[in-house]
Student: 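Before I ask anything, let me first share the structure, which is written out below as structure tokens.
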Protein chains: 2
Amino acid sequence: MTKMIDVANFAGVSTATVSRVLANDPKVKEKTKQKVLKAVDELNYIPNSLARNFRKRSSKNILVVVPTIANPLYPTIISGIQSVAREHNYQVILGDISRNFETELAYLELIRDKAADGVILLAAELPTEEFIEAIKGLPVVLGYRNTVKEENLHSTEDKRGENKRINIFPTVNINNVKSVECVIDHLVQLGHKKIAFFNGPKNSIVSIDRLKGYKQGLVKNGCSFEPELIYYGDWTMNAGYELALELLQSGNDPTAIFTVNDETAVGAIKALKENGLRIPEDIAIVGFDNIELAKFVDPPLTTIAQPKFEFGVHAMELLLKVMNGETISQENIVLESHLIIRESCGSKIKGD
Amino acid sequence: MTKMIDVANFAGVSTATVSRVLANDPKVKEKTKQKVLKAVDELNYIPNSLARNFRKRSSKNILVVVPTIANPLYPTIISGIQSVAREHNYQVILGDISRNFETELAYLELIRDKAADGVILLAAELPTEEFIEAIKGLPVVLGYRNTVKEENLHSTEDKRGENKRINIFPTVNINNVKSVECVIDHLVQLGHKKIAFFNGPKNSIVSIDRLKGYKQGLVKNGCSFEPELIYYGDWTMNAGYELALELLQSGNDPTAIFTVNDETAVGAIKALKENGLRIPEDIAIVGFDNIELAKFVDPPLTTIAQPKFEFGVHAMELLLKVMNGETISQENIVLESHLIIRESCGSKIKGD
DNA sequence: CTGTTAGCGCTTTCAC
DNA sequence: GTGAAAGCGCTAACAG
């Protein structure tokens, strides 16, 4: 294994100079630089990143924790993260917690022991005190988990005295509340008044926000909010399937279902069809995420498109800032999402 | 940041002893061990893995290169890899080449510069001379890319004098040829004689092997092999869709389609349905991989199940061996796959 | 069983 | 613009 000292000897310079050349230090004379570069080439020198990382106290790894990589949402986000990471010579380490949120904290060890320089947390679990304590001061960016603290504000500028969320960490998010309101608007426009909601788990921030959007959307449109039309699942096709069966047996007869994600919708569609219901004639359905599959299910799924790749890009760019110490004050990025109209609601307007 | 010397001082021992305790060296007296552990705990000491890795010349990272993480096959395989990797304190670095196979070699740099200790290559591209040269001597395990050399053997024990594949690297694979023969057997049993094949790209080993299985299956069952019934795509739902449109316009009227993977099948199903064909009444279809979705498409997809998670487990275990220098001679693991019968072929036998 | 000590290969002051 | 030299924090001979 040829090392820096070999290159230095070959080029007739010191290791310091070799190091400078490799770091693109402009102070090095062009001629010296060429000598060094020639030596590097000649000797087939490859810097030992283990030594470099040790010396620089950086692993050049960043950790991305996802609830489960099986949900196609995350691969796309990760692609976005990778594209930025690679530009900056970071490698992405994948932390798949298989929806087992206790293991999330274990991953943070990677930062403490320097195996990772920063972390992007994409699990939208409600943050516990323990969690907040654990990530305090770490180079972390939160995705979807937009809120880590609720405070009652009764100041004058907050006339309604309602809860205000304070993000004490940098975050990337979409506006879940507004997105779901759009869905409800659309369904109501098509004449639906009784809309079921197949939600995610209760302790997910995304679930909570989408529920809020669902409720506000109904109220805004003058529909009644009926708690028994809300079902809780776990984001999977299986959950969608089971929930739909439950709904069918319940005697509630909604004319439309909004599902918390596309996979839940796909599962629901299967159950509905098996029970002889036609979509959208007998019941309309709307998903969320606009995964690749949404276009290919039968019927093609009306859904909310969120900018998955960009989500990753923004998260990584934010993390880069945090790791550089640029973000003392927290930054909270909210990305735009929009409704994609396909055929699962029977709308005549075609999208995509 | 408290370091090993602090712990040593606190416990009244040397750093060597601390190091031994941390490495679980049985030679350390129980009492000394307890003293050290107490100091570790007291001082909240976390070993600096950067220093350790540097010293041990190992990054504790392993690289997994996949064609694209967007194909749900890979996340499951990666889960399997992770489960073994984690047990041995390895982190998984994700190398997604977005089906751009030239970038594969670039990832190998991570090994040369010690940023990764080993690599699992899951891209089933035909191996070039350059590729073989590049991975020679590296701690590498190949998945799906089962063959790196073809040699004409005319020795006595090979009576037929046919090509024999020689794997000069450790590999994990399934028997693609046999799997597809099963599919053809099944279709023929159901009365199909004219079976189209929506394959992957021509330069993929998986495509080549599945094509072989297709051909052999037809011949074995006394069906004629018609090259114009073979279509080449790129594993995506979109490809399946486009290929099905092509097929419909071709005037070929197969009674069944075998697709190289489930996603291609899903795309094809959409196109077929849009054109008024009923599945399986008008045309049968069989996929490959048994991804989660296969069960939820309409109609549920008959497909070949391959042990994805186990695939990852085996690949990682093999890599562990290679990294330990245990595998001088190459090992080639072939996992079992089997047909899952659902409804897309109209068989009365229900599976799963 | 435990301590002493010599680095691992690189970067970065500090001199010149 | 370049070189000398001091470590980064840990592990592994080697010695005792």
Side-chain angles (χ1 to χ4, degrees), chain A residues 1-40 43-61 89 109-117 324, chain B residues 1-40 43-61 89 109-117 324:
Chain A
M1 208 71 276
T2 132
K3 52 184 86 160
M4 194 177 272
I5 185 70
D6 301 325
V7 176
N9 290 153
F10 189 97
V13 298
S14 72
T15 57
T17 298
V18 176
S19 182
R20 286 189 190 105
V21 170
L22 263 26
N24 249 313
D25 186 329
K27 285 208 292 284
V28 183
K29 225 198 319 182
E30 184 59 26
K31 204 170 158 190
T32 319
K33 186 172 165 182
Q34 292 311 325
K35 264 198 308 193
V36 171
L37 257 20
K38 184 156 182 297
V40 165
L43 301 177
N44 250 308
Y45 171 66
I46 297 173
N48 181 326
S49 54
L50 251 24
R52 171 180 290 166
N53 291 346
F54 169 50
R55 182 55 232 245
K56 301 189 100 172
R57 289 155 183 67
S58 141
S59 63
K60 282 302 198 177
N61 289 153
N89 280 306
E109 280 308 303
L110 290 183
I111 297 210
R112 297 196 197 290
D113 72 6
K114 313 276 184 238
D117 296 344
N324 284 337
Chain B
M1 206 71 280
T2 132
K3 53 184 86 161
M4 194 177 274
I5 185 69
D6 302 325
V7 176
N9 289 154
F10 189 97
V13 298
S14 71
T15 56
T17 299
V18 177
S19 182
R20 285 186 192 106
V21 170
L22 263 28
N24 248 312
D25 186 329
K27 287 206 290 283
V28 183
K29 224 197 322 182
E30 185 58 27
K31 202 169 160 191
T32 318
K33 187 172 163 182
Q34 293 311 328
K35 265 198 309 193
V36 171
L37 257 20
K38 181 154 184 297
V40 165
L43 300 178
N44 249 308
Y45 170 66
I46 296 173
N48 181 326
S49 55
L50 252 24
R52 171 181 290 165
N53 292 346
F54 170 50
R55 182 56 232 242
K56 301 189 100 171
R57 291 157 181 67
S58 142
S59 62
K60 282 300 196 177
N61 287 155
N89 280 303
E109 280 308 303
L110 290 183
I111 297 211
R112 298 195 197 292
D113 73 6
K114 315 271 185 240
D117 296 343
N324 284 337

Student: Taking side chain as C-beta onward, heavy atoms only, is B:Ile5 less than 4.5 Å from B:Phe10?
Tutor: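 B:Ile5 does not reach B:Phe10 side chain to side chain.
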Student: Please compare A:Val28 and B:Arg52 by the position of their nearest nucleotide in DNA chain D and report the one closer to 5'.
Tutor: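 Mapping each residue to its closest nucleotide by heavy atoms, the 5'-most match is A:Val28.
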Student: Would you list the protein and nucleotides 13-16 of chain C atom pairs, both N or O, that sit under 3.5 Å from each other?
Tutor:
{"from": "C:dT13", "atom 1": "O4", "to": "A:Arg20", "atom 2": "NH2", "distance (Å)": "3.4"}

Student: So, do A:Thr32 and A:Lys29 sit near enough that their side-chain heavy atoms are less than 4.5 Å apart?
Tutor: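 Of all side-chain heavy-atom pairs linking A:Lys29 with A:Thr32, at least one is under 4.5 Å.
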Student: What distance separates A:Lys35 NZ from A:Thr17 OG1, expressed to the nearest 0.5 Å?
Tutor: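 Interatomic distance, A:Lys35 NZ to A:Thr17 OG1, rounded to 0.5 Å: 8.5 Å.
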Student: So A:Val13, base contact, sugar-phosphate only, or nothing? Heavy-atom distance under 4.0 Å.
Tutor: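 Sugar-phosphate, backbone atoms only, no base.
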Student: Nearest 0.5 Å, please: how far is NZ in B:Lys60 from OG in B:Ser49?
Tutor: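 So the OG of B:Ser49 and the NZ of B:Lys60 are separated by 11.0 Å.
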Student: Between A:Leu50 and A:Arg55, is any pair of side-chain heavy atoms under 4.5 Å apart?
Tutor: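 In short, these two side chains do not touch, never coming nearer than 4.5 Å.
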Student: Identify the heavy atoms of A:Ala8 and A:Ser14 that sit nearest to each other, and give their distance.
Tutor: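 Closest pair (atom of A:Ala8, atom of A:Ser14, distance): CB-C, 3.6 Å.
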Student: Please state how far atom CG in B:Asn53 lies from atom C1' in C:dC10, giving the value in whole angstrom units.
Tutor: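 Atom-to-atom, B:Asn53 to C:dC10, this comes out as 15 Å.
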Student: Side chains of A:Asn53 and A:Ser59: any donor to acceptor distance under 3.5 Å?
Tutor: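 Side chains of A:Ser59 and A:Asn53: no pair found under 3.5 Å.
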Student: Does C:dC10 have OP1 or OP2 under 4.0 Å away from a side-chain N or O of A:Tyr45?
Tutor: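 A:Tyr45 to C:dC10 OP1/OP2: side-chain N or O found under 4.0 Å.
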Student: With a 4.0 Å cut-off on heavy atoms, is A:Ser19 in touch with a base, just the backbone sugar-phosphate, or nothing at all?
Tutor: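 Base contact.
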Student: Which pair of non-hydrogen atoms, one from A:Met4 and one from A:Thr15, has the smallest distance, and what is that distance?
Tutor: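 It is SD-O, 3.6 Å.
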Student: With the side chain of A:Phe54 defined as its heavy atoms from C-beta on, choose the nearest nucleotide among C:dG7, C:dG9, C:dT11.
Tutor: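 Closest of the options to the side chain of A:Phe54: C:dG9.
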Student: Reading DNA chain D 5' to 3', which nucleotide is the first, and which the last, to come under 4.0 Å of any heavy atom in chain A?
Tutor: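 Footprint of chain A along DNA chain D, 5' to 3': D:dG1 to D:dG9.
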Student: Can you check the A:Ile5 CD1 to C:dC8 C1' distance for me, whole Å?
Tutor: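 So the two atoms are 14 Å apart, to the nearest Å.
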Student: So, taking the atom named CG in A:Asn44 and the one named CG in A:Asp6, what distance separates them when rounded to the nearest 0.5 Å?
Tutor: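 Between A:Asn44 CG and A:Asp6 CG, I get 12.5 Å after rounding to 0.5 Å.
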Student: Mapping B:Lys29 and B:Arg55 onto DNA chain C by nearest heavy atom, which one lands closer to the 5' end?
Tutor: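 Looking at the nearest nucleotide for each, B:Lys29 comes out on the 5' side.
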Student: Are OP1 or OP2 of C:dT4 and a side-chain N or O of B:Ser14 less than 4.0 angstrom apart?
Tutor: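 No, outside the criterion.
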Student: Can you tell me the distance, in whole Å, between the CD1 atom of A:Ile46 and the P atom of C:dG9?
Tutor: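 Those two atoms, CD1 and P, are 14 Å apart.
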Student: Could you state the atom-to-atom distance from CD of B:Glu30 to C1' of C:dT2 in whole Å?
Tutor: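 From B:Glu30 CD to C:dT2 C1': 16 Å.
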Student: B:Lys56 has an atom NZ; how far is it from atom P of C:dG9, in whole Å?
Tutor: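 From B:Lys56 NZ to C:dG9 P: 16 Å.
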Student: Nearest to the B:Lys27 side chain among C:dC10, C:dT12, C:dC1, which nucleotide is it?
Tutor: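 Looking only at side-chain atoms, B:Lys27 lies closest to C:dC1.
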